[in-house]
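Here the structure is laid out as structure tokens; the discussion comes afterwards.
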Amino acid sequence: MAPLPPRSGDAVFANVEHVNAELFSLTYGAIVRQLLTDLEEVDEVNKQLDQMGYNIGIRLIDEFLAKSNVSRCADFRETADVIAKVGFKMFLGVTASVANWDTEGTSCSLILEDNPLVDFVELPDTCQGLYYCNILSGVIRGALEMVSMKTEVTWVRDMLHGDDVYELRVKLLKQVPEEYPYKDDD
């Protein structure tokens, strides 16, 4: 049987189970609010959101690969494009654009003009250092680590801080060679 062709973000989004966007946004907001109450320091909340996202990402990659029929990407450029066009669409219902590549092709920006996580959100003055959607940077970092790419993901621009778009900077630190748990007996 021939392998299935890769599916577009729209095709995958149409075939996955959906959660009410308002419920999703409000639940995420409640989590962030509770972290702010428990941890008190905005930097600690940023770290915790990133770690939560990382833990989600290392599990979410399996669902992504199973449902999207995406084959192994040839390089980091293709990987970034798949994240922007298929991954964001599949899990958040939005697409991102890929821009601002460095000359080595190891660093780019994922730009979101719409972000369902921030519906109903206004940051108070006491939370200006908060990267409210930092969970997304952790998800990307965790998912890419599971496909042998060690990355650094940081927020560059955030509409909650007055910017015109949401921009995540993704930098490939190293391509980790795949290790197999056993050797073949020769």
Side-chain angles (χ1 to χ4, degrees), residues 8-10 12-14 16 18-33 35-36 39 41-54 56-57 60 64 68 73 75-144 149 151-173:
S8 72
D10 290 325
V12 175
F13 183 70
V16 294
H18 299 170
V19 174
N20 180 296
E22 290 177 358
L23 175 65
F24 180 66
S25 299
L26 294 171
T27 303
Y28 181 71
I31 291 169
V32 174
R33 178 70 182 126
L35 286 172
L36 284 165
L39 300 175
E41 292 292 323
V42 170
D43 289 339
E44 288 302 313
V45 174
N46 287 335
K47 288 178 190 173
Q48 187 65 35
L49 287 171
D50 181 71
Q51 186 60 45
M52 289 169 64
Y54 176 83
I56 292 168
L60 205 62
F64 174 77
S68 68
C73 295
D75 57 16
F76 188 61
R77 282 184 184 269
E78 185 181 349
T79 301
D81 201 46
V82 167
I83 291 169
K85 304 288 187 286
V86 183
F88 275 110
K89 185 67 174 184
M90 182 175 172
F91 294 110
L92 291 178
V94 298
T95 56
S97 57
V98 183
N100 305 327
W101 281 99
D102 66 355
T103 55
E104 295 86 30
T106 59
S107 183
C108 67
S109 293
L110 298 176
I111 299 172
L112 289 162
E113 294 183 15
D114 186 27
N115 185 346
L117 288 178
V118 299
D119 291 345
F120 319 112
V121 176
E122 287 184 29
L123 290 181
D125 292 338
T126 57
C127 296
Q128 288 305 309
L130 177 67
Y131 290 107
Y132 184 82
C133 298
N134 213 34
I135 200 165
L136 294 178
S137 61
V139 168
I140 293 168
R141 191 171 54 86
L144 288 176
M149 292 183 183
T151 57
E152 178 181 278
V153 184
T154 54
W155 285 96
V156 177
R157 293 188 286 171
D158 188 335
M159 290 174 79
L160 293 175
H161 295 285
D163 296 314
D164 56 340
V165 293
Y166 296 94
E167 181 179 349
L168 277 163
R169 190 80 185 153
V170 183
K171 180 179 182 182
L172 178 65
L173 300 175

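Positions are given from 1, in the same order as the sequence printed here. Worth knowing before you read on, the calculation uses all heavy atoms, side chains too, and leaves out hydrogens, waters and symmetry mates.
Formation of a donor-acceptor pair under 3.5 Å by the N134 side chain with backbone atoms of L49 is not found in this model. Counting only distance, with no hydrogens or angles, the side chain of D158 and the backbone of L130 share no donor-acceptor pair below 3.5 Å. Judged by distance alone, with hydrogens and angles left aside, the side-chain atoms of R157 form no donor-acceptor pair with the main-chain N or O of I111 at under 3.5 Å.
The shortest non-hydrogen separation linking L110 to A80 is CD2-O, 3.9 Å. The minimum heavy-atom distance between C133 and W155, with the atom names listed, is O-CZ2, 3.2 Å. F76 and G105 get closest at one heavy-atom pair: CD2-O, 3.7 Å. Closest heavy-atom contact between C127 and V42: CA-CG2, 4.2 Å. Shortest non-hydrogen contact noted between S109 and E167 is OG-OE2, 2.5 Å. Of all heavy-atom pairs spanning P116 and L92, the tightest one is CG-O, 3.4 Å.
Under the 4.0 Å criterion applied to side-chain N and carboxylate O atoms, K171 and D102 are not assigned as salt-bridge partners.
Taking CD of E41 as the reference point, atom CG of L36 lies at 10.5 Å (rounded to 0.5 Å). Annotation: the span from D81 atom CG to D75 atom CG amounts to 10.0 Å, rounded to 0.5 Å. Rounding to the nearest 0.5 Å gives a distance of 5.5 Å between CD1 of I140 and CD1 of I83. The line from NZ of K47 to CG of L35 is 14.0 Å long, rounded to the nearest 0.5 Å. For the atom pair OG1 (T95) and CE (M90), the distance works out to 15.5 Å, reported to the nearest 0.5 Å. To the nearest 0.5 angstrom, L168 atom CG is 12.5 Å from R141 atom CZ.
Surrounding OH of Y28 are more than 12 heavy atoms belonging to other residues, nucleotides or ligands, all under 6.0 Å away. Around CD of E122, the count of heavy atoms belonging to other residues, nucleotides or ligands within 6.0 Å does not exceed 12. Residue-environment remark: CD (E78) exceeds the threshold of 12 foreign heavy atoms within 6.0 Å. A 6.0 Å sphere centred on CD of Q128 holds more than 12 heavy atoms belonging to other residues, nucleotides or ligands. Atom CZ of R33 is surrounded by 12 or fewer heavy atoms from other residues, nucleotides or ligands within 6.0 Å.
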* Walk me through it: do L144 and V170 pass the test side chain to side chain contact (heavy atoms under 4.5 Å, CB included)? => CA-CA 10 Å; L144 288 176; V170 183; 4.3 Å; yes
* To do: Go through the steps to decide whether L112 and M159 satisfy the test side chain to side chain contact (heavy atoms under 4.5 Å, CB included), and finish with yes or no.
  => CA-CA 10 Å; L112 289 162; M159 290 174 79; over 6 Å; no
* May I have the step-by-step check of side chain to side chain contact (heavy atoms under 4.5 Å, CB included) for I135 and I31, ending in yes or no? => CA-CA 11 Å; I135 200 165; I31 291 169; over 6 Å; no
* What do the steps show when you test L136 against Y131 for side chain to side chain contact (heavy atoms under 4.5 Å, CB included), and what is the final call? -> CA-CA 10 Å; L136 294 178; Y131 290 107; over 6 Å; no
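The aromatic rings of F91 and F64 are tilted relative to each other, their planes meeting at an angle between 30° and 60°.
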